[in-house]
Amino acid sequence: MYNLPAEKFQGIKTPFYYYNTRLLQDTLDAVKAQTGKRPGYHVHYAVKACAHPDVLRMIQEAGLGADCVSGGEIQASLDAGFPADRIVYAGVGKSDWEIELGLQAGIRYFNVESVAELEVINEIAARMNRTANISFRINPDVGAHTHANITTGLAENKFGIAMDLMETVIRKAQEMSHTTFVGLHFHIGSQILEMDDFVALAHRINELQDRLEAQGIGPVPHINVGGGLGIDYEQPDEHPIPDFEAYFQTYEKYLKLRPGQELHFELGRAIVCQCGSLITRCLYVKQTEHKQFVIVDAGMTDLIRPALYGALHRIENLSSREAGQPYDVVGPICESSDVFACQYNLPATRRGHLLAIRSAGAYGQIMASQYNCRPLPKGYLDKDLE
Ligand code: LLP
């Protein structure tokens with residue numbers, strides 16, 4: 001249904017990213033269909049997943065907000081036309097210039113992760129004669145069934161403020177001259193497919209809200225549950241659009257929102273992952289005593305997820321359907337971990353064939369590096385290939 005237009009890839013220098021805008025639009029429509037029937041639900045797209053300017057613009061035009069983790073992301077969001085009051089800003093280490101940029105632009109709120117940061121934001125806001133809206137990122141100590149490198153809500157992680165310290169920190173923010181306490185923020189991890197993990201988070205939030213209210217704090221104007229909804233890396237064509245209904249229904253059923261309270265989400269991967277592919281060319285097929293390698297011109301510098309998390313992305317040969325065999329698909333970088341897949345069944349593959357590494361729209365192009373003095377991969381939308 002969302003076929004890769006292989007014929008249009010011929011003249012383009014590989015490796016490059018291709019984004020299917022029809023799939024992106026259908027995904028955005030699917031999100032809006034769900035949030036549209038649940039008043040107070042708002043999605044701020046997690047810009048860290050993919051900040052291609054045209055992709056950002058489409059997301060902005062669909063009416064989503066932006067969840068940023070750096071000054072660069074705030075700037076990219078403003079440039080893509082996101083209104084400042086739909087931009088939120090998180091991160092454990094905000095530099096002064098980034099805080100200033102957020103205040104100058106008038107973003108909706110800062111997700112604050114420590115008392116030290118709260119104090120600095122208050123100071124800078126005072127100096128600029130502004131008031132900063134503060135939402136606290138709370139570490140809910142909830143595990144998620146995902147890769148250890150991408151769980152974030154456990155007590156041992158660096159993120160957020162411990163539940164037990166909440167009352168003290170909130171009182172502190174309320175007493176400060178240039179901060180207004182407006183919300184509670186959570187995020188338990190990424191690539192989460194078990195709705196029970198989100199149920200566990202909802203229960204923790206309910207407990208916390210009850211506890212805070214018993215102490216006369218709140219209810220706060222917003223609850224922000226972060227992102228984390230996963231996608232199907234194995235069968236992207238069977239599941240091009242994540243099950244947003246199940247996701248939003250989970251929160252609707254288990255999270256006890258207070259009257260008038262808004263619920264904010266920060267989905268990244270679920271929105272952009274399936275629409276992007278990394279297109280690469282086979283340089284050589286190398287036979288060794290033990291196996292056959294397909295050496296492609298994309299490497300871990302273009303897509304680091306396999307090397308960093310052991311992630312497996314589906315790989316397709318766009319130039320051949322001939323019966324093939326298992327290959328190790330590897331890149332040209334001088335690192336043994338520059339491997340996309342081991343003993344992976346592909347059609348008979350030869351020099352010059354185009355390969356697509358699928359589900360690469362999220363945390364693909366944006367995590368590319370110039371290691372080995374390689375140029376950064378470009379990203380094209382369908383319109384760029386007409
Ligand atoms: N909100 C916060 C506070 C986050 O830390 C993240 C992701 C998100 C939202 C968006 O999460 P998503 O909906 O995309 O799961 N590079 C890794 C993923 C790192 C995610 C970091 N935080 C990967 O390639 O799997």
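Residue numbers count from 1 along this sequence. These numbers were taken from a predicted model, which means no experiment stands behind them. Just so you know, ligand 1 is whichever comes first in the structure, and atom 1 is the first atom listed for that ligand.
Each of the following atoms of ligand 1 lies closer than 4.0 Å to a heavy atom of Glu266: 1 (N), 2 (C), 3 (C), 8 (C), 9 (C), 10 (C), 13 (O). With ligand atoms numbered from 1 in the order given, ligand 1 contributes 9 (C), 13 (O) to contacts under 4.0 Å with heavy atoms of Gly227. Residue Gly268 approaches ligand 1 through these ligand atoms, each under 4.0 Å from one of its heavy atoms: 12 (P), 13 (O), 14 (O). Counting the atoms of ligand 1 from 1 in the order shown, those under 4.0 Å from a heavy atom of Asp67 are 1 (N), 9 (C). Residue Met367 approaches ligand 1 through these ligand atoms, each under 4.0 Å from one of its heavy atoms: 16 (N). For ligand 1, the atoms closer than 4.0 angstrom to any heavy atom of Leu267 are 13 (O).
The shortest separation from a heavy atom of Ala49 to ligand 1 is not under 4.0 Å, leaving the residue out of contact.
At a 4.0 Å heavy-atom cut-off, ligand 1 touches Arg305 through the side chain alone. Heavy atoms of Val69 found under 4.0 angstrom from ligand 1: none, in either backbone or side chain. With a 4.0 Å cut-off on non-hydrogen atoms, Ser190 touches ligand 1 through its backbone as well as its side chain. Contacts between Arg269 and ligand 1 below 4.0 angstrom, taking non-hydrogen atoms only, involve backbone and side chain alike.
Classified by interplanar angle (parallel below 30°, tilted 30° to 60°, perpendicular above 60°), the ring pair Tyr41/Phe265 is tilted. By the 30° and 60° cut-offs, the orientation of the rings of Tyr251 relative to Phe198 is tilted.
Residue Arg137 places no N or O, backbone or side chain, under 3.5 Å from any N or O of ligand 1. Ligand 1 has no nitrogen or oxygen under 3.5 angstrom from a nitrogen or oxygen of Ala46. The shortest N or O to N or O distance between Leu229 and ligand 1 is not under 3.5 Å.
Between Val220 and Gln261 there is a side-chain heavy-atom pair separated by less than 4.5 Å.
Between Arg358 and His313, the closest heavy-atom pair is O-ND1, 2.8 Å. Taking each heavy atom of Arg374 and Ile333 in turn, the nearest pair found is CD-CD1, 3.2 Å.
A distance below 6.0 Å separates the ring centres of His222 and Tyr109. A ring-centre distance under 6.0 Å is not found for Tyr45 and Phe82.
In this structure, Arg351 is positioned above the aromatic face of Tyr284, its NZ or CZ under 6.0 Å from the six-membered ring centre and within 45° of the axis. The cationic group of Lys94 does not satisfy the cation-pi geometry with Phe110, failing either the under 6.0 Å distance to the six-membered ring centre or the 45° limit from the ring axis.
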